[in-house]
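Below: one structure, written as structure tokens.
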Amino acid sequence: EFILNELKSAMGIMQHHDAITGTEKQHVAHDYERILSTAIDDALLVARQAFNKAAQGDSGKAPLFSYDRCHFNESRCHTSETSETFMVTVYNPLAWGVREAVKLPVTYGHYEVYAPNGDKIVTQLVEIPDEVKRIPNRRSEATHELVFIAHLHPLGVKSFYVKRVSTTKRAIANGSYLEWISG
Amino acid sequence: EGVRSDGYLDRLNQIADVKDLTNLGLDAIVDEGKEPLWEDANGTGAAFKGTMKKRETDDFKISFAYYPGCLGNNEVPANRSSGAYIFRPNSTKAIGLNVESVSEISGDLLSEVRTKIRGNVLSIKRVYKEFDFIEHEWLVGPISVDDGIGKEYVVKYQTDIINNGEFYTDSNGRQMLKRKLNARPQWNLTLTEPVPGNYYPVTNEIYIENGERFTVLTDRSQGGTSLVEGEVELMLHRRLLHDDAFGVGEALNETVLGSGLVVRGKHRILRSKDPVEIAKSVFQMHLPPVVFVSDASGLSYEQW
């Protein structure tokens, strides 16, 4: 509870009109980033414990999964970029069913994604634009985004299994790439 | 593959030929070469045109521009600088940004057109096979201020809708309010700032209508307006070099590693008039699914 209170407290501070609009001094902006970032990192502890508890049941075994913080706004995620197999857990906070595109930063390769019922689902590998790769201070090996559509129940959680199959196959990115370069 | 040219007309013809390669509901993203794919004449900015097979009326252009920031000594309102609190361009006409290159991606789930635009702007217009909306992903920055001029970047959606100077924005996420160009409902208005005086807060949604409707949903609060008939304009990013004397005491000039910030976001474009569908889309923009990624090394598919 005290960990979640830290995030609640940080979110309270972020309601200030300067934090919302960005009219604070620069050093205050950096302080807001520090407060919020620390609170989010700490709150992930709770998510890790909750998911491991759900995954293990009463077996009492050591934790199976670690949940790292992904930076989807920069198309980077250490786990999906470096792991041969990883799990994607998606929670729908809305009270109605939604379909949403999930995009996972990955390195070039061939991937298979399995839905909770065990079926392999359709995916598409889309190259990350150079402009994103050049974002200052972005540290990532990701070259592509693996896209699939998640069908989510109201307030539901679904788990997808992703497996990297090959790294050498040519023409893995399914889809046509056409480029025109201006004179 | 292999379709390249340096010539403008060649390019148009080739793009028209290429349309069959798109295997989604996106009807070629170009319109059979009847209209220019992009235009850069008159400094009005770069644009490309899109049509969707499902809805023939999904026809609009996207262009980008920037307003140069005003510079003054802040002693009287007429000398106010554009700054953190104040949007005050030194011109009523935004400076258009031309297209540098266009590329297209098409696959099993989505098709997209990526337009690289002068001034560090990337525009991606995306259509999903499963969804009815058009997604416009934009990436702006770092904004160059090497010329000593602060800049405020906007995106313009140009449609054929005759909206008679009227547009609608949400009231801090509550009801939609009608806005009228150069007018206020309660008093006679004379605007000294014709552009900012017509800007309104857009927390979720801005739309224009006249029989048909063109709605843009934002993923964050932005400023928006409709200065030209059939057009929706939203401000995306700002980098300014002077304080506006409203208290912050600094110019809005944030940097990372010495260069300006890059902002990346999405707009969702809807043509539906169904209020339930639109309201749901608004919620889905603001409360998207939460995605956790965890390493599963040592966990086989069977074990999972």
Side-chain angles (χ1 to χ4, degrees), chain A residues 20 22-26 29 47 51 64-68 70 72-74 77 79-80 83-94 96 98-102 104 114 122-124 126-127 129 131-132 135-137 147-150 152 161 163 173-183, chain B residues 1 3-8 11 14-15 18 21-22 84-85 99-110 112 114 116 120 122 124 128 130-131 139 142 221 246-250 252 254 256-259 262 264 280 283-284 287-297 299-301 304:
Chain A
I20 291 170
T23 48
E24 72 277 58
K25 283 180 184 288
Q26 192 55 53
F51 281 113
L64 284 169
F65 314 117
S66 68
Y67 286 86
D68 291 319
C70 292
F72 293 118
N73 60 332
E74 293 183 352
C77 173
T79 304
S80 62
S83 299
E84 294 290 312
T85 51
F86 53 93
M87 262 178 49
V88 182
T89 309
V90 190
Y91 166 63
N92 171 23
L94 295 171
W96 58 84
V98 299
R99 290 171 297 155
E100 192 75 27
V102 176
L104 303 165
Y114 295 91
V122 179
T123 62
Q124 185 174 343
V126 178
E127 191 173 1
E131 288 75 7
V132 174
I135 289 174
N137 220 19
V147 185
F148 65 89
I149 307 294
L152 302 166
Y161 186 81
K163 185 164 68 174
N174 51 350
S176 313
Y177 286 77
L178 298 161
E179 186 165 5
W180 297 272
I181 297 171
S182 76
Chain B
E1 191 175 354
V3 180
R4 284 193 180 177
S5 171
D6 293 329
Y8 178 72
R11 217 155 50 212
Q14 286 158 357
I15 289 161
V18 157
L21 291 175
T22 59
Y85 288 91
V99 166
E100 288 183 343
S101 67
V102 181
S103 62
E104 183 183 327
I105 289 171
S106 181
D108 294 333
L109 295 176
L110 61 91
E112 61 185 42
R114 298 178 175 187
K116 191 179 171 188
N120 289 336
L122 176 71
I124 302 176
Y128 291 93
E130 287 206 30
F131 307 144
L139 185 141
S221 297
F246 265 87
V248 69
E250 288 178 1
L252 191 70
E254 197 169 354
V256 173
L257 299 176
S259 64
V262 179
R264 188 186 189 191
K280 279 186 159 183
F283 274 100
Q284 283 170 224
L287 288 167
V290 185
V291 178
F292 292 96
V293 181
S294 60
D295 179 37
S297 298
L299 182 75
S300 68
Y301 165 78
W304 168 75

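Lettering follows sequence order; numbering is per chain, from 1.
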If you measure only the distance, is there a donor-acceptor pair under 3.5 Å linking the side chains of B:Asp295 and A:Ser83?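 A:Ser83 and B:Asp295 do have a side-chain donor-acceptor pair below 3.5 Å.
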Donor on one side chain, acceptor on other, B:Glu254 and A:Gln26, under 3.5 Å: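 Present: a donor and an acceptor within the cut-off.
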For B:Pro142, which residues count as a side-chain contact (heavy atoms from CB on, under 4.5 Å) partner, sequence neighbours excluded?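 Checked B:Pro142 against side-chain contact (heavy atoms from CB on, under 4.5 Å); matches are B:Asn120, B:Ser259, B:Val262.
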Check whether [X] gets within reach of chain B through its side chain, its backbone, both or neither, counting any heavy atom under 4.5 Å.
{"X": "A:Asn73", "value": "backbone"}
{"X": "A:Val90", "value": "both"}
{"X": "A:Leu104", "value": "side chain"}

Go through B:Lys280 and A:Val98 one step at a time and tell me if the side chain to side chain contact (heavy atoms under 4.5 Å, CB included) criterion holds. CA-CA 10 Å; B:Lys280 279 186 159 183; A:Val98 299; over 6 Å; no
[X] and [Y]: which non-hydrogen atoms are nearest, and at how many Å?
{"X": "B:Ser300", "Y": "A:Tyr161", "value": "C-OH, 3.3 Å"}
{"X": "B:Ile124", "Y": "A:Pro129", "value": "CD1-CG, 3.9 Å"}
{"X": "A:Gln124", "Y": "B:Ser106", "value": "NE2-C, 4.0 Å"}

Drop me the distance from [X]'s [atom1] to [Y]'s [atom2], to the nearest 0.5 angstrom.
{"X": "A:Phe148", "Y": "B:Asp108", "atom1": "CZ", "atom2": "CG", "answer": "15.0 Å"}
{"X": "A:Thr23", "Y": "B:Glu250", "atom1": "OG1", "atom2": "CD", "answer": "11.0 Å"}
{"X": "A:Glu131", "Y": "B:Arg114", "atom1": "CD", "atom2": "CZ", "answer": "8.5 Å"}
{"X": "B:Arg264", "Y": "A:Phe72", "atom1": "CZ", "atom2": "CZ", "answer": "11.5 Å"}
{"X": "A:Leu94", "Y": "B:Leu287", "atom1": "CG", "atom2": "CG", "answer": "5.5 Å"}

Contacting region of B:Lys116 [heavy-atom separation from chain A under 4.5 Å]: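 The side chain, not the backbone.
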Which atoms of B:Leu139 come close to chain A, meaning under 4.5 Å heavy atom to heavy atom: side chain ones, backbone ones, both, or neither?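 For B:Leu139, side-chain heavy atoms alone lie under 4.5 Å from chain A.
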Determine the option with the most heavy-atom pairs under 4.5 angstrom with chain B, choosing from A:Ala101, A:Gly22, A:Ala150.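 Result: the option with the highest number of such pairs is A:Ala101.
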When A:Asn92, A:Val147, A:Val102, A:Ile20 are compared by non-hydrogen pairs under 4.5 Å with chain B, the top option: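 The candidate making the most pairs under 4.5 Å is A:Val147.
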Quick one, A:Thr89 and B:Val291 - any side-chain contact, counting heavy atoms below 4.5 Å?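 No, side chains not in contact.
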Is there a side-chain contact between B:Phe131 and A:Ile149 in this structure, where contact means two heavy atoms from C-beta onward sitting under 4.5 Å apart?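 A side-chain contact exists here, since the closest heavy-atom pair is under 4.5 Å.
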Derivation and outcome, side chain to side chain contact (heavy atoms under 4.5 Å, CB included), residues A:Thr85 and B:Leu299: CA-CA 8 Å; A:Thr85 51; B:Leu299 182 75; 5.8 Å; no
How are the rings of A:Tyr114 and B:Trp304 set to each other: parallel, tilted or perpendicular (split at 30° and 60°)?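 Tilted.
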Can you sort out the partners of A:Glu74 under salt bridge (Lys or Arg N to Asp or Glu O under 4.0 Å), two or more places apart, ordered by chain and number?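 Checked A:Glu74 against salt bridge (Lys or Arg N to Asp or Glu O under 4.0 Å); matches are A:Arg76.
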